[in-house]
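For reference, the structure is listed below as structure tokens.
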2 protein chains.
Amino acid sequence: MPAPAKTTDAAVVAAARRLLEAEGPAGVTMQAVAAAVGVRAPSLYKRFADRAALLAALDAAIVAEFAAALDAPPGDDAVADVAAMAARYRAFAHTTPHGYQLMFSAEVPWTEAVAARRRAAAAPALAAVARLTGPERALDATRALTAYLHGFASMQASGAFRFGGDPEPAFALGLSALLARFAGEAVSKRRRPAPPPA
Amino acid sequence: MPAPAKTTDAAVVAAARRLLEAEGPAGVTMQAVAAAVGVRAPSLYKRFADRAALLAALDAAIVAEFAAALDAPPGDDAVADVAAMAARYRAFAHTTPHGYQLMFSAEVPWTEAVAARRRAAAAPALAAVARLTGPERALDATRALTAYLHGFASMQASGAFRFGGDPEPAFALGLSALLARFAGEAVSKRRRPAPPPA
DNA sequence: ACCTGAACACCGTTCAAGT
DNA sequence: ACCTGAACACCGTTCAAGT
């Protein structure tokens, strides 16, 4: 009758999280995770239906980390707030590349629960962008900005931009183009005088 | 002494290409590729050092496909040329998602040869952007644009943007913001009158 | 109730043996 | 020269048997 649990769901996910960042997704094997919590691989199937379910739980933990990393109280400059959030986004992707990439990986099966978590995590970003664009354009603007941030982060992570020098000016150029348009085009460049008539 | 080759490197890569698009990267196993060319898995090791080398050859084939899909003769409107290239970029990613994604996958080991192929494939895009920005800003602008296109394509492929309706207006918004900045800010929006003095 | 060893199907990879 | 079966280490997963 004694059946002492040797571990917990949370401990399993935490072990998976450590393995992910240390070894990449291929290092998150059922055997390695089990060993990290002092158990044999078959025991994990009492807690998670299969490896995909474990990865989905890991994804949930990472989305929470990510949302916390993006979070900051709004200041009085909406442009600066969004720019700062963009910087935090990049910092997270750079600091924890495997965790970041798992959120976009096909290894995490797409379910309604996954989608709901992402929407919840995106809400503060949407709100910050809305302060810049108004509510009408907030969704489109957030999508465009997120695409840009994700594209830059993932290309940098996968080794693109390895030549031709510093990618920072390129990042700044694209970001300022987006923010300027979102804010109504009067932000980071003075208007030039009208061109002379033809 | 007879030792008739049953297949060729090109046939192996072509079989891998078909498997990739049909089943995703996990479907590209040495056994499945071998079976597709009428051979047993160990024979593939006479042609490719290991699965990573096969994937590198597959990547080369895909980069060539991609470059061909982007290619088009320049017209007389540089903005329209870049916008059209962006549309072809998206079309490729949408039509052949697994092929597209392999180019950014960690499964393809990063080597100097891989990097050289990518630079060659990016040259026409760089040239098209240079017609818009001048040579000084062309590299930064191409990087920013590529990040945006890649981000949008990969988020759409991974199922983001599944809610809140059509992602097309978001794509158009971000693209026009980038192109307007690249072209010097006078493209898709009329200047507003100067704000009244404070 | 939870844990375990043994087993199965499936990988990538090596290698001695065939022709 | 190229191909093959057999073998090995390693996966994910199942299940009967232990406590």
Side-chain angles (χ1 to χ4, degrees), chain A residues 1-59 98 101-102 105-111 114, chain B residues 1-59 98 101-102 105-111 114:
Chain A
M1 225 167 286
K6 287 187 170 180
T7 186
T8 64
D9 290 12
V12 170
V13 171
R17 181 73 185 89
R18 269 177 255 116
L19 275 165
L20 176 68
E21 219 56 65
E23 323 239 1
V28 185
T29 68
M30 299 302 271
Q31 325 205 8
V33 173
V37 297
V39 123
R40 303 287 185 163
S43 296
L44 297 181
Y45 292 82
K46 291 282 159 180
R47 304 181 172 281
F48 301 96
D50 50 25
R51 183 171 178 270
L54 202 177
L55 290 181
L58 179 52
D59 172 80
H98 293 299
Q101 294 200 126
L102 190 76
S105 165
E107 296 204 76
V108 177
W110 191 268
T111 64
V114 167
Chain B
M1 225 167 282
K6 288 188 172 179
T7 185
T8 64
D9 290 12
V12 170
V13 171
R17 182 73 186 90
R18 270 177 253 119
L19 275 165
L20 176 69
E21 219 56 65
E23 324 238 2
V28 185
T29 68
M30 298 304 269
Q31 325 205 9
V33 172
V37 297
V39 126
R40 301 289 185 165
S43 295
L44 297 181
Y45 292 82
K46 291 282 160 179
R47 305 180 172 281
F48 301 96
D50 51 24
R51 182 172 178 270
L54 202 177
L55 290 181
L58 179 52
D59 172 81
H98 293 299
Q101 294 199 126
L102 191 76
S105 164
E107 296 203 77
V108 177
W110 191 268
T111 65
V114 168

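Hydrogens, waters and symmetry mates are skipped; everything else that's a heavy atom, side chains included, is used. Order of the sequence lines sets the chain letters (A, B, ...), proteins ahead of strands, with each chain counted from 1. Being a predicted model, the structure only gives us computed values, none of them experimental.
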>> Under 3.5 Å for both donor-acceptor distances, Watson-Crick or wobble: does D:dA16 have a partner, and if so which one?
In response: C:dT4

> Which nucleotide, in any strand shown, forms a Watson-Crick or G-U wobble pair with D:dA9, with both distances under 3.5 Å?
Replying inline: none

If you compare all heavy atoms of [X] against all heavy atoms of [Y], which two are closest, and at what distance to 0.1 Å?
X	Y	result
B:E21	B:H98	OE2-N, 2.9 Å
A:L19	A:G27	CD2-O, 4.0 Å
A:F48	A:A57	CE2-CB, 3.7 Å
B:V108	B:L102	CG2-O, 3.6 Å

Value in whole Å for how far the [atom2] atom of [N] lies from [atom1] of [X]:
X	N	atom1	atom2	value
A:R40	C:dG5	CZ	P	4 Å
A:K46	D:dA16	NZ	P	12 Å
A:F48	C:dC2	CZ	C1'	15 Å

>> Taking B:V12's backbone N and O only, do any of them form a donor-acceptor pair with B:R47's side chain (distance below 3.5 Å, no angle check)?
In response: no

>> What does the B/S/- profile of nucleotides 6-15 of chain C look like, 5' to 3', with a 4.0 Å heavy-atom cutoff to protein?
In response: B----BBBBB

Identify all side-chain donor-acceptor contacts of residues 28-40 of chain B below 3.5 Å with residues at least two apart in sequence or on another chain.
from  : atom 1 : to    : atom 2 : distance (Å)
B:T29 : OG1    : B:A32 : N      : 2.9

